[in-house]
Amino acid sequence: MKKNMLKKALLFLVTLATGTVQGVCQHRLVETQYPSAVNQTIVREYNYPATVSYVETATTHYFGYADATLSILNTEIDPNIFVRDFVIFEDYVYFCGWEKLQQTTKGVWGWFKVNSLMQSNMNYHVYDDFDCGQIYADTLQSLVAFRDSMNALHVAVVGSMRDGNTKDRSCMLDITGTAGGNVWTYTMGVTSGMQGYYEKISKVCLTDNFVVTVGSVPVGCGVVNHRVHLRNNMFQPGGLQDNAYYFPGDVWPRAWNFAICPVDGDMVAVAVKFDANAVFLSDGALVYVFHVPSLSVGMNALNAIRLDLGTSTNTSDIYGLRYSRHSQEITMLMSGNTMYGVGSVVFEWPVTTLFPTAKPFFLPDRMMTSMDNYNTQQHFLTMGYDNSNPSAANFFIQPLQSNGICSVEELVIRGPVDFAVKIDSIPYTTCSKKIVCSEKVSQIFFPMDLNVKCSD
């Protein structure tokens, strides 16, 4: 019952916060109680005002659906499956993560139809044996779904690999098939395992013409790394995907702490958490926007901002990045021990300004671990848990370009960053296989209630 309440809570929060429900004051922050501590959340807008979310507690894992009925319907999935990302595409949820086995883990990918979750009869399909030669995916980190110019369905997924000695290799998967079908084909690109070199590709996004990834490579003290794939031919022989693009050289990125999102056309925004070093004397977050086709000839950021986050007390990480075409703004979610205290902060700034000023909204003692656009991109929506009561799942929304409501507006120190691109040709090793997904049946469905913690 508590799982369904979580979904309802999310929808209820968003609905009331945007004023959809008439005659009721707007509620910005609500929570619902789970039977054990919440470790991870992912929230995505479905058909406004509906949402789909994933909640991972210490004992049980759930998907949930919420809509204007002010009820959230939850379903339990296999507790050995740990979801790390999901997208909703053409009424299907495609998810990825890892599956816990006896002695190891395997990267897992799967799907289900949103309507089956709504109707409490959810069957979900999974596959957990992605390999290329003797190397297999141990975790799948991030994914996007799209159709190419021939209307073929693709799901592009990035993850990490294990070859018996190290987890430091990465992979890209191009999974193709028919929505609702059990038989799919994947092409896997495996990054180099040469001595002294490894990639940690952790995030992927989709532009009009490209699939773009971001991660890190420890060249010297570490650099940011991108690979670019054509949507219509992700592993074209000799294509852009075989180049690694490194920059900037003066940032020491944290290996998995990245976020990426599309902006307009073939532009992307990237957020990187980096450690203090000889150049930057405090921990920080770097956010930049670039035009993908310009990357191969040397990128100059169209828009860049560096946030100085402090050193000894800051342990916060990046949990989301979104662009709103409606407001022409980027939002970034960070949570942990932040520069403003323990809690979460959403930074908001315009992309039309060369050296923008960030507006932070701070949520004290709330650990929000996911973010999405909401209500035709007029709001941001976050989901997480109460740090003082970790079994309480929280939902919070805020209109963009507004004064803070149920949050604290803060100031931030920012500075410009210089970019220099280095290009190396390091081709993928590729393999292609057909796969058959196994079907799992969810048996437990239940609704949950919520409590309003803060409202207008």
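Residues: numbered from 1 along the sequence shown.
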- prompt: Stepwise, does the ring-ring contact (aromatic ring centres under 6.0 Å, His included) test hold for Phe95 with Phe63?
  reply: CA-CA 11 Å; Phe95 61 88; Phe63 274 103; 5.7 Å; yes
message: Determine whether Gln398 and Val346 satisfy the following criterion, side-chain contact (heavy atoms from CB on, under 4.5 Å), listing intermediate values before the conclusion.
response: CA-CA 10 Å; Gln398 190 85 285; Val346 177; over 6 Å; no
- prompt: Going through the distances and angles, do Tyr245 and Leu240 end up as a side-chain contact (heavy atoms from CB on, under 4.5 Å)?
  reply: CA-CA 10 Å; Tyr245 302 95; Leu240 292 174; 3.6 Å; yes
Stepwise salt bridge (Lys or Arg N to Asp or Glu O under 4.0 Å) test for Lys106 and Asp129: CA-CA 7 Å; Lys106 280 194 174 182; Asp129 198 23; 2.9 Å; yes
task: Given side-chain contact (heavy atoms from CB on, under 4.5 Å), test Asp317 with Arg254 step by step and report yes or no.
output: CA-CA 9 Å; Asp317 287 321; Arg254 295 187 180 178; 3.4 Å; yes
message: Using the rule given for ring-ring contact (aromatic ring centres under 6.0 Å, His included), can you reason through Tyr186 versus His154, listing the C-alpha separation, both sets of side-chain angles and the distance that settles it, and then say yes or no?
response: CA-CA 9 Å; Tyr186 73 83; His154 296 255; over 10 Å; no
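The cationic group of Lys203 does not satisfy the cation-pi geometry with Phe258, failing either the under 6.0 Å distance to the six-membered ring centre or the 45° limit from the ring axis. Cation-pi geometry between Arg44 and Phe86 is met: under 6.0 angstrom from the ring centre, within 45 degrees of the axis.
Thr191 has its side chain out of reach of Tyr198: every pair of non-hydrogen atoms, C-beta onward, lies at least 4.5 Å apart. Residues Thr51 and Leu381 meet the side-chain proximity criterion, which asks for heavy atoms closer than 4.5 Å. Side-chain contact between Ile426 and Arg227: present, with at least one pair of heavy atoms (C-beta onward) separated by less than 4.5 Å. Contact of the Phe130 side chain with the Ile175 side chain is registered, since non-hydrogen atoms from C-beta on lie closer than 4.5 Å. Between Met332 and Arg322 the shortest side-chain heavy-atom distance does not fall below 4.5 Å. With contacts defined as side-chain heavy-atom distances shorter than 4.5 Å, the pair Val43/Tyr54 does not qualify. In this structure, Arg147 and Glu90 have side chains that are in contact, with non-hydrogen atoms separated by less than 4.5 Å. The shortest side-chain heavy-atom distance between Leu143 and Leu140 does not fall under the 4.5 Å cut-off.
Considering all non-hydrogen atoms of both residues, Leu295 and Val421 come closest at O-CG1, 4.1 Å. Closest approach of Thr60 to Glu76, counting heavy atoms only: CG2-CD, 3.4 Å. Contact between Pro293 and Phe210 at its shortest, heavy atoms only, is CG-CE1, 3.8 Å.
Side-chain contact check for Thr187 and Ser432: at least one donor-acceptor pair (N or O, by modelled atom type) lies under 3.5 Å. Side-chain contact check for Asn121 and Ser116: no donor-acceptor pair (N or O, by modelled atom type) lies under 3.5 Å.
Taking CG of Leu363 as the reference point, atom OG1 of Thr382 lies at 6.0 Å (rounded to 0.5 Å). Once rounded to the nearest 0.5 Å, the distance linking CG of Leu230 with CG of Asn209 reads 8.0 Å.
Remark: Cys132 engages Cys431 in a disulfide bond (SG atoms under 2.5 Å apart) (not counting sequence neighbours). The salt bridge (Lys or Arg N to Asp or Glu O under 4.0 Å) check on Glu56 picks up Arg84, with sequence neighbours excluded.
Under the 30°/60° scheme for interplanar angles, the aromatic rings of Phe380 and Phe361 are found to be tilted. Between Trp349 and Phe347, the angle of the ring planes lies from 30° to 60°, which puts this pair in the tilted group.
Taking the ring centroids of Tyr127 and Trp109, they lie at or beyond the 6.0 Å cut-off. With ring centers used as reference points, Phe112 lies 6.0 Å or more from Tyr94. Ring to ring, Tyr246 and His226 are not that close: their centroids are 6.0 angstrom or more apart.
In this structure a side-chain-to-backbone donor-acceptor pair under 3.5 Å is missing from Arg231 to Ser149.
Of the options Glu348, His379, Gln328, a side chain to side chain contact (heavy atoms under 4.5 Å, CB included) to Leu400 is made by Glu348 and by none of the others.
Here Lys113 does not pair with Asp91 in a salt bridge; the nearest charged N to carboxylate O distance is not below 4.0 Å.
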